[in-house]
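Within every chain, numbering begins at 1; the chains are lettered A, B, ... in the order of the sequence lines, protein sequences first and strands thereafter.
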Amino acid sequence: MTKYDPKRIESKWQKKWEKMKTFQARDFSEKEKYYCLIEFPYPSGEGLHVGHPRSYTAMDIVAKKRKMQGYNVMFPMGWDAFGLPAENYAIKTGVHPRAATEKNIANFTRQLKSMGFGFDWSREINTTDPQYYKWTQWIFLKFFEKGLAYKAKMPINWCPTCKIGLANEEVVDGKCERCGAGAEKRDKEQWMLRITEYADRLLKDLESVDYLERIAKQQVDWIGRSEGAEVEFGITNSELRIRVFTTRPDTLFGATYLVVAPEHEIIKNLASGPLRVYDPVRSETTGRRPGGESRVKNQGEVRKYVEAAKGKSDLERSELAKEKTGVELKGIKAINPVNNEEISIWVADYVLPTYGTGAIMAVPGHDQRDWEFAKKYDLLIREVITGGDIEKQAYVGDGTLVNSDFLNDKLVPEAIGDMTKWLEKRGMGSYQVNYKLRDWVFSRQRYWGEPIPIINCEKCGHVPVLEKDLPVTLPDVEKYQPTETGDSPLAAMDKWVRTKCPKCGGPARRETDTMPNWAGSSWYFLRYCDSKNKKSFADSEKLKYWMPVDWYNGGMEHTTLHLLYSRFWYKFMYDLGLVPTDEPYLKRTSHGLILGEDGEKMSKSRGNVINPDEVIKKYGADVLRIYEMFMGPFDQPVAWSTQGIEGVNRFLNKAWMIFTHQIEMIKLFEDRGEKPIRAKEDQLARQLHRTVKKVTDDIEKMRFNTAVAMLMTFLNEVTSQAEKVGEEAQVWYYLDRDDTRDFIKLLAPFAPHLAEELWQKLGHTESIFESDWPGYNEELVKLEEIELVLQINGKVRDKLNVPADISEEKAKKLALESEKIRKWLAGKKPKQVIFVAGKLVNIVV
RNA sequence: GCCGCUGUGGUGGAACUGGUAUACACGACGGACUUAAAAUCCGUUGGCUGGAUAAGCCAUGUGGGUUCAAAUCCCACCAGCGGCACCA
């Protein structure tokens with residue numbers, strides 16, 4: 001008998017599968033299609049992380065099972081290769097991101113191929129390939145054409161020392177990661193995508209797809225729909241107005257002050273000096289002087305506060321909520337439209353510019369944050385809803401209205417409706433649906449991304465690059481560092497920047513911003529359907545055949561951004577008639593992170609990184625695959641265990657030993673024209689049927705850990721029933737050809753190399769993945785006999801072996817006859833006897 | 001801070017819609033084989049009382065509740081993890 005040698009069999013089958021095109025998907029096959037998708041990796045310099053194979057193995061198991069179930073399966077792979085790390089590496093070393101990326105991809109490819117995944121490599125894509133990003137740019141132009149791409153002034157992180165824009169990740173504790181100087185917010189003209197236009201549908205259509213509950217929940221919350229009213233407050237001695245959004249227009253009589261975000265335009269507009277207005281065509285800011293406005297008296301103080309807020313992140317601003325700060329805009333007052341009361345206006349950084357209108361009406365009596373703020377600054381707290389004690393804290397519950405004129409004695413829901421109507425009638429406000437979701441900042445002032453295909457012409461404004469001129473390729477630059485003006489390094493490439501306007505032919509300048517990493521990943525699953533198409537992003541017939549994705553697995557960390565962005569792009573394309581359905585993914589699941597042995601996130605600096613290459617070298621890919629599935633519940637984070645992997649190694653060695661032996665024995669019998677013995681047939685056969693059922697079901701529910709446990713249990717059963725038979729006292733495992741075949745099939749998606757090798761030893765010439773998935777007999781799965789539990793007051797007192805289908809009457813009778821039960825009853829009369837079929841009898845005394 | 005999730009032996013975890021808590025695996029301990037070690041095989045293994053493989057009590061983060069019955073449902077609290085829009 002040969003020893004289990006994963007190295008030999010794994011590379012052997014990997015080569016064979018590639019040669020035989022075993023896992024290639026066929027366009028327009030008559031079989032039903034099944035599209036399995038995993039998030040394509042960013043090919044980092046560190047190589048494959050043991051976390052990657054967790055998701056890939058899971059979907060690989062699904063894909064292989066589906067193939068055996070007769071589907072035409074597509075399970076593609078590609079590279080999400082634009083991104084910050086390659087660029088920062090380039091800044092440090094001068095190595096072109098393209099070169100670094102190519103090298104990393106080669107390494108990733110080697111690593112992935114050594115795992116035995118059934119990827120269809122013929123469809124491989126790479127977001128940094130001009131033939132790919134040509135279509136990313138093309139889709140952007142569609143957004144531009146439809147008015148969903150626009151420019152707006154948005155804050156970026158800015159390091160005043162390095163004079164460059166920073167990604168959020170590069171700001172650590174409010175400081176620039178490179179030099180340690182305090183990072184600031186700085187306004188910059190940015191390309192935006194109007195995702196909010198789709199907020200409604202992104203929310204509603206979640207009902208039509210099968211996403212894991214917590215994934216759908218997180219999306220719903222991220223979109224954050226709320227109904228309420230927008231209310232307009234006038235300002236004393238001014239034509240300016242402040243609009244606020246509130247979900248509680250019923251409390252308007254209790255609004256005793258307003259709070260605006262430090263970024264709110266009213267602050268600039270009420271300051272002395274010219275009103276600054278940005279001219280998008282000329283890319284500059286010009287001054288305009290508003291006439292006869294009132295002025296804030298404590299401008300110095302306000303300006304200082306606004307400046308300080310620039311150095312804080314949104315996170316800090318809301319985190320500091322315990323100690324809320326603010327400054328009153330002295331000398332001006334707002335007018336409450338319902339009662340013409342003059343109320344003070346404050347600026348406070350706990351109000352964020354990005355939500356609602358960037359201004360709120362404060363109702364300290366009925367909002368806890370407002371209440372704390374009012375207590376601190378000694379502002380009026382007025383009760384307008386009964387039911388609480390506003391001296392102690394804000395009352396946020398239901399109740400009837402008081403101190404509210406025409407709303408008095410009404411209940412909250414009615415008051416909301418009445419107030420909204422009242423405001424609408426007088427033009428002071430309106431019913432409004434508000435979303436937390438914000439438009440998507442689509443510009444990056446970076447090198448390693450898709451150039452935004454826009455040409456800025458002095459005469460014509462923003463002009464799209466002609467379709468025939470796509471792709472706008474990334475030019476080589478001398479420096480990868482963003483420029484001191486905050487523009488991308490492309491801005492320094494004068495030759496590249498200077499071009500002609502496609503509309504008027506006059507001199508014009510190229511857009512130098514690039515797209516965010518999310519761009520390429522927002523539509524990659526479409527390109528897989530037709531990855532080599534030169535005429536369009538993908539052939540519409542092929543899209544019709546393959547889309548939508550049947551099952552998409554990825555990380556929880558992508559739930560709100562990537563998942564939402566790609567749904568948005570897809571819906572937009574659906575509206576243009578470019579894709580066949582209105583949702584891209586039928587089913588979405590998530591995997592948990594793999595942590596280091598210390599329970600911490602794996603990272604170089606912690607020194608707890610496990611390299612999959614080393615694991616494969618020591619144990620083989622099949623062991624790594626099964627260990628990653630066995631280590632814990634798939635959707636939860638689990639810590640790596642070097643010891644735990646030993647158990648899986650033993651399991652596969654045992655499987656190899658048992659089956660190579662038994663296959664020889666079966667052949668021996670068959671050669672002699674005898675039927676192999678299958679004594680104890682009943683027990684083992686029933687166990688096998690149970691195993692088939694459990695593994696079949698568990699894969700669908702992504703409960704891979706219990707599926708593996710079941711495979712182990714079966715093997716334990718096989719060994720425990722083995723006997724020595726014959727003259728040479730050979731071990732006999734009581735498995736005939738059919739049993740052996742079925743078990744190997746169950747093992748195949750988990751340990752494809754081992755299973756394929758055993759399959760061949762059984763005498764098959766075609767791949768095991770061309771065979772069919774085993775079925776089971778529901779009758780044989782059922783237990784014949786059960787252990788009936790006898791309880792008294794819910795405590796187990798005795799157990800009886802009885803037929804599984806025992807009747808209620810008989811079970812109760814047996815229970816009361818039990819000696820132990822009689823002892824516990826001690827002559828007392830049972831009050832109640834409860835019978836649970838197939839489980840227990842509980843006697844209540 | 002906001003949103004989402006998790007908490008069960010020495011460890012990773014199992015327990016389907018409330019119904020035998022601790023499957024499977026790791027580790028530990030004892031034994032077999034071996035000159036020895038590794039590997040392999042067999043046995044024991046939640047805690048406490050007990051000579052016991054007799055009997056019993058206590059255990060699913062903490063405190064309460066619902067129920068004949070709670071790891072599972074409800075309320076409050078504690079701890080940890082993920083996301084928070086320019087990391088991907």
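For A:K795 and B:C58, the shortest distance from a side-chain N or O to OP1 or OP2 is below 4.0 Å. The side chain of A:N88 contributes no N or O atom lying less than 4.0 Å from OP1 or OP2 of B:C87. For A:R650, a side-chain nitrogen or oxygen approaches OP1 or OP2 of B:G27 to under 4.0 Å. Listed pair A:R214 / B:G4 fails the phosphate criterion, with no side-chain N or O lying under 4.0 Å from OP1 or OP2. Applying the 4.0 Å criterion to OP1 and OP2 of B:A15, one finds that A:R703 has a side-chain N or O inside that range. Close to B:C86, at under 4.0 Å from its OP1 or OP2, lies no side-chain N or O of A:R446.
Rounding to whole angstrom units, CH2 of residue A:W222 and P of B:C3 are separated by 14 Å. As a whole-Å value, the separation of A:E646 CD from B:A39 P is 8 Å. In this structure, CG of A:L352 is placed 11 Å from C1' of B:C84, rounded to the nearest angstrom. As rounded to whole Å, 14 Å separates atom C1' of B:A25 from atom OH of A:Y619.
Residue contacts for A:Q643: at a heavy-atom cut-off of 4.0 Å it reaches the sugar-phosphate backbone alone, with no base atom in range. Among the protein residues, A:Q190 comes within range of the nucleic acid bases, having at least one heavy atom under 4.0 Å from a base atom. Note on A:E39: nothing from the nucleic acid sits closer than 4.0 angstrom, heavy atoms only. A:W79 comes within contact range of no nucleotide atom at all, as no heavy-atom separation falls under 4.0 Å. Within the nucleic acid shown, A:I156 comes within 4.0 Å of at least one base atom, counting heavy atoms only. A:V796 comes within contact range of the sugar-phosphate backbone alone, with a heavy-atom separation under 4.0 Å but no base atom that close. Looking at heavy-atom distances under 4.0 Å, A:K436 makes contact with a base. Within the 4.0 angstrom heavy-atom criterion, only backbone atoms of the sugar-phosphate kind lie near A:N705; the bases stay farther away. Using a 4.0 Å heavy-atom distance criterion, A:L84 is classed as a sugar-phosphate-only contact. Across all strands shown, A:K217 has heavy atoms under 4.0 Å from sugar-phosphate atoms exclusively, and none from any base. Contact annotation for A:P41: no contact, since no heavy-atom pair falls under 4.0 Å across all strands. At the heavy-atom level, A:S641 lies nowhere under 4.0 Å from the strands shown. Among the heavy atoms of the strands lying under 4.0 Å from A:E787 is at least one base atom, whether or not backbone atoms are also near. Among the protein residues, A:S443 comes within range of the nucleic acid bases, having at least one heavy atom under 4.0 Å from a base atom.
Comparing atom distances between the A:H558 side chain and each of B:A88, B:A14, B:A25 picks out B:A88 as nearest. Nearest nucleotide to the side chain of A:W440, out of B:C86, B:A25, B:C16: B:C86. For A:L437, the side-chain atoms get nearest to B:A85 when compared with the rest of B:G19, B:C3, B:A85.
Taking a cutoff of 4.0 Å between a charged side-chain nitrogen and a carboxylate oxygen, A:R444 and A:E511 do not qualify as a salt bridge. Using a 4.0 Å cut-off between charged side-chain N and carboxylate O, A:D513 and A:R446 make no salt bridge.
Remark: aromatic rings of A:W518 and A:F442 are distant, center separation not under 6.0 Å. Aromatic ring centres of A:W569 and A:F525: separated by at least 6.0 Å. The ring of A:F40 has its center no closer than 6.0 angstrom to the ring center of A:W79. Under the 6.0 Å cut-off for aromatic ring centres, A:F743 and A:F659 qualify, their centroids lying closer than that.
Using a 30° and 60° split on the angle between ring planes, A:F750 and A:F704 fall in the perpendicular class, above 60°. Ring planes of A:Y524 and A:H562: tilted class, angle from 30 to 60°. Relative orientation of the A:Y4 and A:W656 rings is tilted, given thresholds of 30° and 60° on the angle between their planes.
For the P atoms, the distance linking B:G9 with B:A59 amounts to 14 Å, nearest Å. A gap of 16 Å separates the P atoms of B:G13 and B:C26, to the nearest Å. The same atom, C1', is picked in B:C81 and in B:U22; the two are 24 Å apart, to the nearest Å. Taking the C1' atom of each, B:A36 and B:G43 are spaced 24 Å apart, rounded to whole Å. B:U62 sits 15 Å from B:G80 when the C1' atoms are compared, rounded to a whole Å. Look at the P atom in both B:A76 and B:G4: the space between them is 14 Å, to the nearest Å. Nucleotides B:C5 and B:A54 place their C1' atoms 46 Å apart, quoted to the nearest Å. If you take atom C1' in B:U34 and the same atom in B:A39, they sit 11 Å apart, rounded to whole Å.
In this structure, B:G18 makes no Watson-Crick or G-U wobble pair, since no nucleotide meets both defining distances under 3.5 angstrom. Shown here, B:A55 forms a base pair with B:U49; the pair counts as Watson-Crick or G-U wobble because both key distances fall under 3.5 Å. For B:A23, there is no paired nucleotide, since no Watson-Crick or G-U wobble pair has both relevant distances below 3.5 Å. In this structure, B:C41 forms a base pair with B:G31, meeting either the Watson-Crick or the G-U wobble geometry with both donor-acceptor distances under 3.5 Å. Both distances falling under 3.5 Å, in either a Watson-Crick or a G-U wobble arrangement, place B:G80 opposite B:C5. When both pairing distances are held under 3.5 Å, B:A70 makes no Watson-Crick or G-U pair with any nucleotide shown.
In terms of heavy-atom proximity, A:I215 sits nearest to A:L563 at CG2-CD2, 3.8 Å.
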Table of protein N/O atoms under 3.5 Å from nucleotides 66-68 of chain B N/O atoms:
{"unit_1": "B:C68", "atom_1": "O2", "unit_2": "A:N842", "atom_2": "ND2", "d": "2.5"}

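In B:G9 the O4'-C1'-N dihedral to the base is within 90° of 0, which defines a syn nucleotide.
The 12-atom threshold is not exceeded at CD of A:E213, counting heavy atoms of other residues, nucleotides or ligands nearer than 6.0 Å.
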